[in-house]
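These values consider heavy atoms only, across backbone and side chains, with no hydrogens, waters or symmetry-generated copies.
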Amino acid sequence: MVSQSGRTVIFALGLAILAAAGAQTSFAADIVHTQTDQSPIARMVTVPAGATTYYLSGMLAPAAEGDTKTQTVGALGEIKKALAAQNLDMADVVMMHVYLVGDPAKDDKMDFAGMMEGYKQFFGTKEQPNKPSRSTVQVSALAGPGYLVEIEVIAAHK
């Protein structure tokens with residue numbers, strides 16, 4: 001038989017264990033962007049079990065007009081709208097794949113610098129410091145003529 005004071009100790013111990021477990025669960029549920037100020041992308045993003053993952057198809061700018069920077073801003077604007085429709089924002093992007101066509105104005109080489117100018121308007125800013133992991137590759141063509149940029153993202157939210 002356990003005395004009243006013994007029950008109190010057991011109850012308090014049980015609460016302490018539950019509180020510690022809850023604290024660990026809360027900490028483990030955080031999405032972690034492993035990034036530095038110097039790099040425009042995250043070295044790694046950790047998405048814990050229990051987070052909802054969203055896979056967005058490749059998106060283009062609203063029109064096949066302008067240079068790589070303009071089309072990057074347009075494509076990211078479309079992604080921002082798609083995320084907002086799910087009550088998400090650019091901070092929820094954890095992975096990005098960027099496909100660039102060689103720019104005729106740049107001797108048919110991808111305009112990485114132009115893409116970065118557009119990208120930096122959305123990621124690693126004072127207002128939105130999270131950066132996704134990212135790959136950027138040059139491709140020979142995209143689905144529509146005149147398009148220079150297509151971007152697909154994976155977002156996660158806990």
So, do [X] and [Y] sit near enough that their side-chain heavy atoms are less than 4.5 Å apart?
X    : Y    : value
F123 : V93  : yes
T72  : V149 : yes
E78  : L60  : no
K158 : P48  : no
K69  : Q121 : yes
Y119 : R134 : yes
D108 : D103 : no
F122 : P132 : no

What are the two closest non-hydrogen atoms of [X] and [Y], and how far apart are they?
X    : Y    : answer
T125 : K120 : CG2-O, 3.3 Å
A156 : I31  : O-CD1, 3.4 Å
M59  : A75  : O-CB, 3.6 Å
G114 : T68  : C-CG2, 4.2 Å
M90  : L76  : CE-O, 3.6 Å
L148 : G102 : CD2-O, 4.2 Å

Does a donor on one side chain and an acceptor on the other come within less than 3.5 Å for Y99 and Q138?
->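 There is no such pair between these side chains.
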
Donor-acceptor contact below 3.5 Å, side chain [X] vs main chain [Y]:
X    : Y    : answer
Y147 : E65  : no
Q71  : V73  : no
D30  : V32  : no
K131 : S39  : yes
D107 : K109 : no

Same cluster or not: are M44 and M95 linked, directly or through other Ile, Leu, Val, Met, Phe, Trp or Tyr residues, by side-chain heavy atoms under 4.5 angstrom apart?
-> no

